[in-house]
Asks: 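Handing you this structure, nothing more for now.
Position 1 is the first residue of the sequence, and the numbers go up from there.
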Amino acid sequence: YPNSPSVDWFSYAGRAGLTANGLPECEGAELPNPKVKTAMHASILPGWLFLGGLQGTDNDGLVTVESAKLGRFRGCLPADHLQEVGLFLGFVLGYEHKDFFTDLLQFLVDEGH
């Protein structure tokens, strides 16, 4: 899909699973790499395995960190794909999706959007 130069693109990537540390995938982002590790929800564990979670490829169960990067890469979230939007485990080991979206809205306001 072609990117429009008139649109500001920002991206975040989820990383979950007890082996996920975001190295090196999350390094160099605008936000620091979270130290928290988040358990993977059982329903998307097969996706995490398929995407190379056991081999060290950080992903959120549906998308790898590298594939999630688009435009300005803001950083990694210590959450699986379901937790990112508040499904099933909402608050897990320090990740709260509502706080993320509140911070995202403030960021967009600060950026003039």
Asks: Listed by chain and number, what are the side chain to side chain donor-acceptor pair (under 3.5 Å) partners of N21, not counting sequence neighbours?
Replies: none
Asks: Measure across E27 and N33 and return the closest heavy-atom pair with its distance rounded to 0.1 Å.
Replies: OE2-ND2, 3.2 Å
Asks: With distance as the sole test, does K69 use its side chain to make a donor-acceptor pair with the main-chain N or O of E25 at under 3.5 Å?
Replies: yes
Asks: So, the side chain of T38 versus the backbone of A16: is there a donor-acceptor pair under 3.5 Å, distance only?
Replies: no
Asks: Within the 4.5 Å heavy-atom criterion, are W48 and L62 side-chain neighbours or not?
Replies: no
Asks: With sequence neighbours left out, what residues match T64 under side-chain contact (heavy atoms from CB on, under 4.5 Å)?
Replies: L51, T57, N59, E66, S67
Asks: State, with a plain yes or no, whether a side-chain heavy atom of F107 is found less than 4.5 Å away from one of L105.
Replies: no
Asks: With a 4.5 Å cut-off on side-chain heavy atoms, are D58 and C76 touching?
Replies: no
Asks: I need the D103 CG to L31 CG distance, nearest 0.5 Å.
Replies: 9.0 Å
Asks: To the nearest 0.5 Å, what is the distance between CZ (R15) and CG (L23)?
Replies: 8.0 Å
Asks: Quick check: do S11 and R74 have side-chain heavy atoms less than 4.5 Å from each other?
Replies: no
Asks: If we only count heavy atoms from C-beta on, is the P78 to K35 side-chain gap below 4.5 Å?
Replies: no
Asks: Under 6.0 Å between the ring centres of F10 and F73?
Replies: no
Asks: What's the spacing between M40 CE and L82 CG if we round to 0.5 Å?
Replies: 8.5 Å
Asks: Keeping the roles fixed (side chain from Q83, backbone from A39), state whether a donor-acceptor pair exists under 3.5 Å.
Replies: yes
Asks: Which pair of non-hydrogen atoms, one from D60 and one from I44, has the smallest distance, and what is that distance?
Replies: O-CD1, 3.4 Å
Asks: Can you tell me how far the CD atom of Q106 sits from the CG atom of D110, to the nearest 0.5 Å?
Replies: 4.5 Å
Asks: Flag the pair F100 / L77 as yes when at least one side-chain heavy-atom distance between them is below 4.5 Å, and no otherwise.
Replies: yes
Asks: How many angstroms lie between CG in L87 and OG in S43, if you round to the nearest 0.5 Å?
Replies: 9.0 Å
Asks: Counting heavy atoms not belonging to F101, are there more than 12 under 6.0 Å from its CZ?
Replies: yes
Asks: How would you list, by chain and number, every residue that makes a side chain to side chain donor-acceptor pair (under 3.5 Å) with D8, sequence neighbours excluded?
Replies: H113
